[in-house]
2 protein chains.
Amino acid sequence: MAADELSTVDALAQLSFLVHNTLERRAAEQELSMIQTRLLGVLRDREPTMNELAALLELDKSSITGLVDRAQRRGLVERHPSPTDRRAVLVRLTATGRELVTVAAARFAGDVTALLAGLSATDRAALTRVLSRVLVSHAAEQGIDLFPTA
Amino acid sequence: MAADELSTVDALAQLSFLVHNTLERRAAEQELSMIQTRLLGVLRDREPTMNELAALLELDKSSITGLVDRAQRRGLVERHPSPTDRRAVLVRLTATGRELVTVAAARFAGDVTALLAGLSATDRAALTRVLSRVLVSHAAEQGIDLFPTA
DNA sequence: TATTGTTATACTCTATAACTATA
DNA sequence: TATAGTTATAGAGTATAACAATA
C-alpha cells in the first residue's frame with residue numbers, strides 16, 4: 001500500500017517534470033524563457049495593465065517593468081496608455097508575439113499528444129477522468145469552480 | 001474524440017504546472033531556488049566532480065562554479081579535492097544541506113499525496129498504471145530502461 | 001492620501017571566452 | 001595537447017525601496 005502510494009507520487013512527479021521540460025524546450029526554440037512564455041500566454045486573451053500583469057504572473061510590479069521592457073524591445077508586446085486612467089499602461093501582444101507563442105504552444109500540445117500516443121483509448125479515457133477529478137477537487141479546495149454553469 | 005484528446009493534454013499540462021509550483025513553494029520555504037534544490041537533490045546519493053555536476057544539471061561548468069559557491073557560502077555543500085585527480089573537485093552535501101532538501105522533499109511528497117487523497121484505491125491504481133506506462137515507453141524511446149534486470 | 005508605474009540597486013542564475021593548474 | 005575548474009564579463013530575471021505622476 002505504502003509502496004503503491006509512493007510510486008503514484010513518484011510517477012506523477014516524474015511526468016510533471018517531463019511535461020515541464022518539454023514546454024521549456026519548445027519555448028527555447030522560439031528564444032523564449034519560461035517567464036516570457038507565460039507573459040505572452042496570459043496576453044493571448046487579455047490586455048491587462050502592468051499591475052494586473054503583476055497579479056497574473058505573481059511577480060512584483062518592478063519585475064514586470066523589466067519583463068515587458070525586454071519583450072517590447074524584441075517587438076513581442078506593446079505598451080498603450082489606458083483610456084480611463086492616465087497613470088495606467090495597457091500591455092498588448094503584437095502579431096509577432098502572438099505568432100511565437102502560438103507556435104510554441106502548438107508544438108508543446110503536439111509533444112504531449114505524442115507522449116500519450118501509445119495509450120489505448122480506454123487508458124487515455126481513464127487518465128483524463130482521474131486527472132480531471134484531481135484538478136477539480138484541488139480547485140474546489142482553493143474555492144475555484146472549474147466549470148461554472150452560469 | 002478531438003475534444004477528448006485535447007482535454008487529456010490540457011489536464012496533464014495543468015497538473016504538471018500544479019505539481020511543479022508545489023515543489024517550488026516547498027523549496028522556497030527553505031529559501032531554496034529550483035536549481036539549488038536540484039543541486040542538493042542530485043547530491044543526496046552522489047559525490048560528483050564539478051564537471052559531472054554540469055552534466056547532471058545540464059549547465060555550463062562556469063555556471064556550476066557560481067551555483068556551488070552560493071550553496072557553499074550558505075553551508076549546504078562542501079568542496080573536497082579529488083584523491084585521484086588533482087585538477088578535480090568533489091562536491092558533497094553537508095548535514096545542513098541534507099536536512100534542507102530532505103524537509104522540502106518530504107513536504108512536497110506530502111503535498112502530492114494529499115492531492116491524490118480524494119481518489120479511490122481503484123482510481124489511484126489506474127493512475128499509477130497509466131502514468132507508468134507513459135513514462136516507461138517514453139524512457140524506452142530515449143533508449144533508457146527504467147527497470148534494468150541486471 | 002493612495003495608486004500606478006518606473007528607477008536605482010542588489011542578488012541569483014546563466015553562458016561565452018580567457019585563464020591556471022594538472023593530466 | 002587536452003581536461004578540470006575558475007574568473008571576467010554580460011545579460012535575464014527577481015525583489016525592495018524610493019520616486020514621479022495621477023487619482
Side-chain angles (χ1 to χ4, degrees), chain A residues 20-21 24-25 27-43 46-92 97 100, chain B residues 20-21 24-25 27-43 46-92 97 100:
Chain A
H20 194 272
N21 292 343
E24 203 161 33
R25 209 153 275 153
E29 285 181 355
Q30 314 294 315
E31 319 248 18
L32 293 174
S33 66
M34 282 298 269
I35 187 58
Q36 287 286 341
T37 305
R38 287 182 61 207
L39 169 65
L40 301 189
V42 304
L43 292 178
R46 287 178 195 85
E47 194 172 318
T49 65
M50 298 293 282
N51 232 347
E52 288 164 349
L53 225 30
L56 287 164
L57 299 177
E58 299 184 276
L59 292 175
D60 190 85
K61 55 184 180 163
S62 66
S63 304
I64 300 296
T65 297
L67 198 62
V68 169
D69 281 351
R70 292 185 290 276
Q72 191 170 17
R73 209 180 303 142
R74 286 181 59 186
L76 307 181
V77 306
E78 293 169 344
R79 278 175 165 99
H80 294 279
S82 163
T84 58
D85 184 339
R86 291 201 317 191
R87 296 171 302 178
V89 171
L90 300 179
V91 183
R92 183 188 302 165
L100 248 55
Chain B
H20 194 271
N21 291 344
E24 204 161 32
R25 210 154 274 152
E29 285 180 356
Q30 315 295 315
E31 319 245 17
L32 293 174
S33 66
M34 283 296 270
I35 186 60
Q36 287 286 341
T37 306
R38 286 183 61 207
L39 169 64
L40 301 189
V42 304
L43 292 178
R46 286 178 196 85
E47 194 174 317
T49 64
M50 298 293 280
N51 231 346
E52 288 164 349
L53 225 31
L56 287 163
L57 299 177
E58 296 183 280
L59 291 175
D60 190 86
K61 56 184 180 165
S62 66
S63 304
I64 300 296
T65 297
L67 199 62
V68 170
D69 281 350
R70 292 185 292 275
Q72 191 170 17
R73 206 181 305 142
R74 285 180 60 186
L76 308 182
V77 306
E78 292 170 344
R79 278 175 166 101
H80 293 279
S82 164
T84 57
D85 184 338
R86 293 201 316 194
R87 296 170 303 178
V89 172
L90 300 180
V91 183
R92 184 187 300 166
L100 247 55

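Letters A, B, ... mirror the listed sequences (proteins, then strands); counts begin at 1.
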Q.
Does B/Thr49 reach a base, just sugar-phosphate, or nothing at all? Heavy atoms under 4.0 Å.
A.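 Result for B/Thr49 = sugar-phosphate.
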Which protein N or O atoms sit under 3.5 Å from an N or O of nucleotides 11-13 of chain C?
from: C/dC13; atom 1: OP1; to: B/Ser33; atom 2: OG; distance (Å): 2.3
from: C/dC13; atom 1: OP2; to: B/Gln36; atom 2: NE2; distance (Å): 3.2
from: C/dC13; atom 1: OP2; to: B/Arg70; atom 2: NE; distance (Å): 2.6
from: C/dC13; atom 1: OP2; to: B/Arg70; atom 2: NH2; distance (Å): 3.2

Q. Near A/Arg25 CZ, under 6.0 Å, is it more than 12 heavy atoms from other residues, nucleotides or ligands?
A.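 Open.
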Q: Considering only NZ, NE, NH1 and NH2 on the basic side and carboxylate oxygens on the acidic side, decide whether A/Asp69 and A/Arg74 come within less than 4.0 Å.
A: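 Answer for the salt bridge query: no.
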**Q.** Under 4.0 Å protein heavy-atom contacts per nucleotide of nucleotides 16-21 of chain D, with B for base, S for backbone only and - for none
**A.** BB---B
Starting at atom [atom1] of [X], determine the distance to atom [atom2] of [N], rounded to an integer number of angstrom.
{"X": "B/Asp85", "N": "D/dT3", "atom1": "CG", "atom2": "P", "result": "12 Å"}
{"X": "A/His80", "N": "C/dG5", "atom1": "NE2", "atom2": "P", "result": "14 Å"}
{"X": "A/Ile64", "N": "D/dA12", "atom1": "CD1", "atom2": "P", "result": "16 Å"}

Q | Under-4.0 Å side-chain N/O to phosphate OP1/OP2 contact, B/Asn51 with D/dT3 | A |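 It does not, given that no N or O in the side chain of B/Asn51 lies less than 4.0 Å from OP1 or OP2 of D/dT3.
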Q. Taking OP1 and OP2 of C/dT6, is either one under 4.0 Å from a side-chain nitrogen or oxygen of A/Arg79?
A.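 Yes, A/Arg79 has a side-chain N/O under 4.0 Å of OP1/OP2 on C/dT6.
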Q: Report the residue from A/Leu56, A/Leu53, A/Leu76, A/Leu59 that forms a side chain to side chain contact (heavy atoms under 4.5 Å, CB included) with A/Leu39.
A: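 By the side chain to side chain contact (heavy atoms under 4.5 Å, CB included) criterion, A/Leu39 pairs with just one of A/Leu56, A/Leu53, A/Leu76, A/Leu59: A/Leu53.
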Q: From the options C/dT4, D/dG5, C/dG5, select the nucleotide whose nearest atom is closest to the side chain of A/Val89.
A: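 Taking heavy atoms from C-beta onward, the closest nucleotide is C/dG5.
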